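Below: the structure, in structure tokens.
Here the structure is a predicted model, which means the values were calculated and not measured. Note that ligands are numbered from 1 as they come in the structure, with each ligand's atoms numbered from 1 the same way.
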Amino acid sequence: MKKLLSLSLLLALFMGCNQKEETKVTPPDPDHKWWKESIIYQIYPRSFKDTDGDGVGDLKGIIEKLDYIKSLGVTAVWLNPIYSSPNDDNGYDVSDYRNIMDDFGTMEDFDLMLKGMHERDIKLVMDVVVNHSSDEHEWFKQSRSSRDNPYRDYYHWWPAEKGKPNYRYSLFDEKGDAWRYDSLTDSYYLHYFSVKQPDLNWENPKVRQEVYDIMKFWAEKGVDGFRLDAFQFAAKDTTFPAFPDGLDKNFTQYYAMQDGLHQYLNEMHTEVFSKYDVMSVAEGAGRNFTEAHELVDADRNELNMAYAFDGVDIPKREGYSLDHFKEVFSKWDSAFAKKGWLSIFLSNHDQARLVSRYGNDSEAFRAPSTKMLNTFILSMRGTPYCYYGDELGMTNIGFDSISQYKDIAAINGYKKVLNQGGDIETYMKDLKFGSRDNGRTPMQWDASENAGFTTGIPWLPVNDNKSSINVASEKENPHSVLNHFKKMTALRTAEKTLVYGAYELVQKEHPQVYAYTRTMEDTKLLVILNFTEEVANFNLPEGTTLGDTMINNYEEVQLAQNSITLLPYQALIYKIEN
Ligand code: NOJ
């Protein structure tokens, strides 16, 4: 080993001496990482492309669309869970972590898909769902079978002779109760999500080792990253002390970031992350900036990045204020300006559609407002996550009847409101606007009956607006939302100022416009976004000389000497001359 080292040192010195001045390369900045420069495209596999006519998307469908994915200019794919699952929560209830769900195909399909991605320089990020498993996982079957089964401690059990355990809130339970009584062993088990998603006991080192082995199995296959589902809830105080009433409204305060969590992440880092060139991202970023830093600061050897919910929590059915929007994103940016790294996203499979929530999905403004929102996501500091269909401007489907919903959160939430004698009308209104099913309708590939998604009956209806909002027609239209998205990914890839450059809010008080600069070394970019359907006047900051227009989501721009009149939802990016 020593010999090898000294040989390579000699070689390096020799090459160094012979290197001509002009061939010197700037050493890579250690803070520059591939995952910071990535543009991540999130695919909800159930809804992307079906190749066998069962109405459910599959891995072969993704393989078929790899050239499309590449053409978007994205550099990585995050895939929602594809492991074996009884699908109580569409794959977030895993029954075998080393197998592919029947609906989605086989391990052979997976290997081909990964190979196809790597051939196109696209990385793959897998979803790791280990706060809980499915109740149909062999571990749970064993655990449930008797109190002295070796797998008993893989989950959280509370013997009934100790009385009813202290209340814990469940997100998906019809009664909101996270404890389920099981007569087989006269005990309660814990499930923060549905009754079919029992929480794994992370305090048990055997469970942790099982998870690391599973992650290594996928890392050995060559996957490039892991997204840790609901992980901030994994550590628990197993004495289950009483919490104050009203816990449901603010359960994160009590559930998140419990003692032990950092130790587990540290261990995961040693066991998995340090051994492979993989990125890691957690769902949830703790309860405050300090906790967010404790998850992601590089010197702590835990995760690369987390994603905070503040941004996706902004919109309400009644609308939201631009002030609040600016405040949230500026606050998070400044908390991470010197250290740590963020994710930037406005939508995913747990949210309704981007344009329906933050923009304007009316016929007149859907296209410019989606383009404006995609400009925002792709011009902020942090790794951008773009959700399938948002590159087209897909919109909410807006179901009216509970029978149309497929999502367990919607269905059990409905039962809970009924159980508690709540206001069902308001619940249905909120659901129509904010339900997760809005964001899960099939990808709109073309104008045909099922939008080219399936030849069978789609598991969730296709949105009627597929006749105008679809890949085939948007590809041909140079002014489409799709082509604007591609321009933005190309710009972000070419212009590293958009990745690493400092962010500074401009004209904070402007009621219609969100403007900011991104600055790195000699390059300064000015991003100007009209968030309203009205024309907006924007005075350029004193001393600003506009250079090249890098992005404009309209064909024109009304520029006077020191001001710009922005059209509804106009998005502009300029180079600033020094
Ligand atoms: C967060 C996931 O994003 C969501 O879809 C899922 O329902 C819960 N975690 C439970 O796994």
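Within ligand 1, the atoms closer than 4.0 Å to a non-hydrogen atom of E283 are 1 (C), 2 (C), 3 (O), 9 (N), numbered from 1 in the order shown. Atom numbering of ligand 1 starts at 1 in the shown order; those under 4.0 Å from a heavy atom of H349 are 2 (C), 3 (O), 4 (C), 5 (O). Distances below 4.0 Å separate heavy atoms of F172 from the following atoms of ligand 1: 7 (O). Near H132, the atoms of ligand 1 lying under 4.0 angstrom from a non-hydrogen atom of the residue are 10 (C), 11 (O). Below 4.0 Å from some heavy atom of R436 lie the following atoms of ligand 1, by number and element: 4 (C), 5 (O), 6 (C), 7 (O).
No donor-acceptor contact under 3.5 angstrom links the side chains of W34 and T75, judged on distance only. Between the side chains of Q351 and Y358, not a single donor N or O lies within less than 3.5 Å of an accepting N or O.
Protein heavy atom nearest atom 5 (O) of ligand 1, with residue, atom name and distance: D350 OD1, 2.7 Å. Nearest non-hydrogen protein atom to atom 6 (C) of ligand 1 is D89 OD2, 3.3 Å. The closest protein non-hydrogen atom to atom 8 (C) of ligand 1 is F193 CE2, 3.8 Å.
Between the CZ atom of F172 and the NE2 atom of H191 there is a distance of 12.0 Å, given to the nearest 0.5 Å.
Residue contacts with ligand 1, taken as heavy atom pairs separated by less than 4.0 Å, involve R227 solely via side-chain atoms from C-beta onward.
Applying the side-chain hydrogen bond (donor to acceptor under 3.5 Å, both in side chains) test to residues at least two apart or on different chains, the pairs with a partner in residues 404-415 are D407-R436.
Below 30°, between 30° and 60°, or above 60°: for F193 and F233 the angle between ring planes is between 30° and 60°, a tilted geometry.
A salt bridge between D182 and R144 is present, with a side-chain N of the basic residue lying under 4.0 Å from a carboxylate O of the acidic one.
In terms of heavy atoms, D350 sits closest to E283 at OD2-OE2, 3.8 Å.
Comparing D229, D407, N90 by heavy-atom distance to atom 9 (N) of ligand 1, the nearest is D229.
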